[in-house]
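As structure tokens, the structure follows; a few thoughts come after it.
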Amino acid sequence: MPELPEVETVARGLQISVAGRRIVSVTLRKTDFMDDPDTIEREVPGTQIARVERFGKFMLLRLVRDRAASEPEASSKALLVHLGMTGNLAPHFAEQPRELRYTDARRFGRMAYLAGETLAAELLRFGADPLEVTAEEFAKRIESSRARIKALLLDQTVLRGVGNIYADESLWSAGIHPAKSGAKLKRKELARLRQALQKILRKAIQMRGSSISDFVDAEGQPGDYQQHHRAYGREGKKCFRCGRAIKRIIIAGRSSYFCPACQRAPHREGRIRKSTKRKGRARTSKR
DNA sequence: CTCGATCCCTGGACGC
DNA sequence: TGCGTCCAGGGATCGA
């Protein structure tokens, strides 16, 4: 489950190993995870990988085409790569001349060649980078929605790059229940949550990410941050802060791990619709 | 419009 | 040992 720290780790590795290299040819196998395989096959060969960046959970391979030094690049182009759950993008040295190979058993990933306006528009769909977002912007993005905070953290149009692991870890650290509505969070809680999220993401990047399924970086090495998980995957185990058993509930279709003592449940949330069904119907007719 | 549930896909864990 | 079942989850899509 590559999230921001894992993708950052892979992107940094690729920046070292393949930036500056020219792509001679492209060979496609299964293409159902690609936006437009024909375009990739047609446009990518002959380009040079200028650099490799992370954008949310995407890697952006910035491409440039051979041209005279005097003439400017017509438009920016990039290969967008999302690792999904099981994706891996890594150089292989066994074959000639050398390969940058993408593998993804489950094909939850995504690959797309985008340029110019199309590329710009695609990137605009995503929210703020969690490592760069200011306290004010973070607060505004969260408190403007009544959705549950866990769902908001996972929403890539709110913040780009946070997934299930780091959402649970930061909520545990900040002592906020995952089912709490974003709109109900106090500014103080929002400040704590942003601090926790950034601290955890930085630490995880330092440790080259979490390897909980089979994540390995571009050098084939696993990360170490899974040793620091305090909530994620710890159902029934003791909370590192208070000793109570960690619980698991489903929010936004995902497992959410939390401490029922350190992260107190919101007062009357989650089942509102059910308990006010009759009144609710009468009220809606007024509108 | 906003929010939540469902589905896609396959390998690994688990039970019998 | 082998087989069936369940679960993991990012994001698109659909429906309330």
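Proteins come first, then strands; the chains are lettered A, B, ... in the order of their sequence lines, and each starts at number 1.
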Does this structure show an ion pair linking [X] with [Y], if we count only N-O contacts that are shorter than 4.0 Å?
X        : Y        : value
A/Glu8   : A/Arg202 : no
A/Asp168 : A/Lys150 : yes
A/Arg125 : A/Glu122 : yes
A/Arg65  : A/Glu43  : yes

Is the aromatic ring centre of A/Phe108 closer than 5.5 Å to the centre of the six-membered base ring of C/dG10, with the two planes inclined by less than 30°?
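Yes, the aromatic ring of A/Phe108 stacks with the base.
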
So, is [X] near the phosphate of [N], with a side-chain N or O under 4.0 Å from OP1 or OP2?
X        : N      : value
A/Gln156 : C/dG10 : no
A/Arg160 : C/dG10 : no
A/His82  : C/dG11 : yes

Can you check the [X] [atom1] to [N] [atom2] distance for me, whole Å?
X        : N      : atom1 : atom2 : result
A/Asp104 : B/dG11 : CG    : C1'   : 12 Å
A/Leu154 : B/dG4  : CG    : C1'   : 13 Å
A/Leu80  : C/dG11 : CG    : P     : 11 Å
A/Arg110 : C/dA12 : CZ    : P     : 7 Å
A/Ile249 : B/dA5  : CD1   : P     : 12 Å
A/Asp32  : C/dA12 : CG    : C1'   : 14 Å
A/Arg107 : C/dG11 : CZ    : P     : 18 Å
A/Lys150 : B/dG4  : NZ    : C1'   : 14 Å

Mind listing the closest non-hydrogen atom pair of A/Pro130 and A/Arg160 along with its distance?
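Minimum heavy-atom separation between A/Pro130 and A/Arg160: CD-O, 2.9 Å.
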
So, A/Gln263 side chain and A/His177 main chain: donor-acceptor pair closer than 3.5 Å or not?
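Checking the backbone N and O of A/His177 against the side chain of A/Gln263, no donor-acceptor pair under 3.5 Å is found.
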
Every protein N/O lying under 3.5 Å from an N/O of nucleotides 6-8 of chain C:
residue	atom	partner	partner atom	Å
C/dA8	OP1	A/Arg248	NH1	3.0
C/dA8	OP1	A/Ser255	OG	3.3
C/dA8	N3	A/Arg106	NH1	2.9

Aromatic ring centroids of A/Tyr166 and A/Tyr232 under 6.0 Å?
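No, the ring of A/Tyr166 stays outside the 6.0 Å limit from the ring of A/Tyr232, centre to centre.
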
First of A/Lys30 and A/Ala151 reached from the 5' end of DNA chain B, by closest nucleotide
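Residue closer to the 5' terminus by nearest nucleotide: A/Ala151.
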
Using heavy atoms to find the nearest nucleotide of DNA chain B for A/Leu152 and A/Gly253 separately, return the residue whose nucleotide is more 5′.
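Comparing both residues, the 5'-ward one is A/Leu152.
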
Closest nucleotide among C/dG10, B/dG4, B/dC3 to the A/Arg148 side chain
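Given the options C/dG10, B/dG4, B/dC3, the side chain of A/Arg148 is closest to B/dG4.
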
Please pick, from B/dC3, C/dA12, C/dG10, the nucleotide with the shortest atom-to-atom distance to any side-chain atom of A/Ala147.
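The answer is B/dC3.
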
From CA spacing to verdict: salt bridge (charged side-chain N to carboxylate O under 4.0 Å, His left out), A/Glu219, A/Arg208:
CA-CA 11 Å; A/Glu219 290 84 49; A/Arg208 309 180 65 78; 3.0 Å; yes

Does a distance-only test, which skips hydrogens and angles, find a donor-acceptor pair under 3.5 Å between the side chain of A/Arg254 and the base of C/dG11?
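Yes, the side chain and the base share a sub-3.5 Å donor-acceptor pair.
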
Within the structure shown, what part of the strands sits under 4.0 Å from A/Ala252 by heavy-atom distance: base, sugar-phosphate, or nothing?
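No contact.
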
